Amino acid sequence: MKIATWNINGVKARIDTATTWLKSESPDIACLQEIKCMDEAFPTHAFEDLGYNVAVHGQKGFNGVALLSKLPFDEVTPGLAGDAEDVQARYLEGVVSVPSGVVRVVNIYLPNGNGAPEKFAYKLAWMNRLKERVKALLAFEEPLVVAGDYNVIPAPEDVYNPSAWMDDALFRPETRAHFQALLNLGLTDAFRACHDEPHRFTFWDYQAGAWQKNHGLRIDHLLLSPQAADRLIACEIDATPRSWEKPSDHVPIVAELSL
DNA sequence: ATGACAGGCGGGGCCTGA
């Protein structure tokens, strides 16, 4: 079973790109972030035509996440618990039955945290809320995949020029500590479990020729519970869509599990 | 040092992103 995550930076602007890639790679489950539309504006039929069940948690203009699954959803839960005031659409959880039992997929679009100080505080608070949710889910002792745009550069080898990023919200020590605390619950970074080479990126800025110069970041991740990590076969970044016309600034990353 | 790209919204430029 292949589980993919991809920040597509606007589903309406990227529908052809998304369907082309899905037809080519045919992941069983895909987590999309930054759909940037309300639920009713999501192009559900375009994905249903490819054989996907669709779950959407959107909002007007910004953010928004969607889950696509070839197998039907047993459960879908939108929104991250822990802050009733938080209206940003950044979290969508789905459960799917598989031959070996179930797999739970958590699709996240973690806040960027740059800009005003309160944005960084929101990011760290969101990471704390995510940690609490993951802690609860791990108690089920089932295959769990927490996938998405983390907006976290885990280590210096995950950015082209770490010294230039020291004060950035994606790489600040507090951010990395919160990410490490998540891993310390017992999660495995699927890509790093399969690859130890530096400078493997999932994001290249549109600006300043970042793609051409390979000035990238590794900020999109699939984190696995022990029961999922035991079944991990492979994890690959597919950078090819970054070279297409009108690309997203992120590329898909796919984990294959024997579920 | 600054700005550079891009999408959404809405119909001109501003906001947000990483």
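Just so it is clear, the model here is predicted, and its values are computed rather than measured.
Both N7(A) and C37(A) lie close to DNA chain B; mapped to their nearest nucleotides by heavy-atom distance, the more 5′-ward contact belongs to C37(A). Mapping Q207(A) and I219(A) onto DNA chain B via the closest heavy atom, the residue that lands nearer the 5' end is Q207(A).
Distance CD1 (I15(A)) to P (dG7(B)): 14 Å, rounded to an integer number of Å. In this structure, the CD atom of Q33(A) is 21 Å from the P atom of dA6(B), given to the nearest Å. When rounded to the nearest whole Å, the span between CD of Q212(A) and C1' of dA4(B) equals 13 Å. Between the CZ atom of F62(A) and the C1' atom of dT16(B) there is a distance of 5 Å, given to the nearest Å. Between the NZ atom of K36(A) and the P atom of dC15(B) there is a distance of 15 Å, rounded to whole Å. Put simply, CD1 on I8(A) is 14 Å from C1' on dG8(B), counting in whole angstrom units. Atom NE2 of H250(A) and atom P of dG7(B) are 13 Å apart (whole Å). With rounding to whole Å, N151(A) atom CG is found 8 Å from dG17(B) atom C1'.
When heavy atoms are screened at a 4.0 angstrom cut-off, Y150(A) is found touching no nucleic acid atom at all. When heavy atoms are screened at a 4.0 angstrom cut-off, K119(A) is found touching the sugar-phosphate backbone but no base atom. At the heavy-atom level, N63(A) lies nowhere under 4.0 Å from the strands shown. Within the nucleic acid shown, D149(A) comes within 4.0 Å of sugar-phosphate atoms alone, with no base atom in reach, counting heavy atoms only.
At a threshold of 4.0 Å, the pair D158(A)-R192(A) counts as salt-bridged, since one of the basic side-chain nitrogens sits closer than that to a carboxylate oxygen. A salt bridge does not link R129(A) to E132(A): none of the charged side-chain nitrogens sits closer than 4.0 Å to a carboxylate oxygen. D49(A) and K23(A) are not joined by a salt bridge, as no carboxylate oxygen comes within less than 4.0 angstrom of a charged side-chain nitrogen.
Using a 4.0 Å cut-off, no side-chain N or O of N9(A) falls inside it from OP1 or OP2 of dT16(B). In terms of phosphate contacts, K12(A) brings a side-chain nitrogen or oxygen within less than 4.0 Å of OP1 or OP2 of dC9(B). OP1 or OP2 of dA18(B) sits under 4.0 Å from a side-chain N or O of Y109(A).
Put simply, the side chain of R200(A) reaches to within 4.5 Å of the side chain of H195(A), judged on heavy atoms.
Nucleotides dG10(B) and dT16(B), compared at atom C1', are 16 Å apart to the nearest Å. Comparing the same atom, C1', in dA1(B) and in dG12(B) gives a spacing of 28 Å after rounding to whole Å. Taking atom P on both dG13(B) and dT2(B), the two are 25 Å apart, rounded to the nearest angstrom.
Closest to the A208(A) side chain, of the nucleotides dA4(B), dA18(B), dG7(B), is dA4(B). Nearest to the side chain of K60(A), among dG17(B), dG10(B), dT16(B), sits dG10(B). Looking at the side chain of Y206(A), the nearest of the listed nucleotides dA6(B), dT16(B), dA18(B) is dA6(B).
A donor N or O paired with an acceptor N or O is found under 3.5 Å between the base of dA18(B) and the side-chain atoms of N112(A).
Counted by atom type alone, D220(A) and N7(A) present zero donor-acceptor pairs between their side chains at under 3.5 Å.
At distances below 3.5 Å, not a single donor-acceptor pair connects side-chain atoms of K123(A) with backbone N or O atoms of T175(A).
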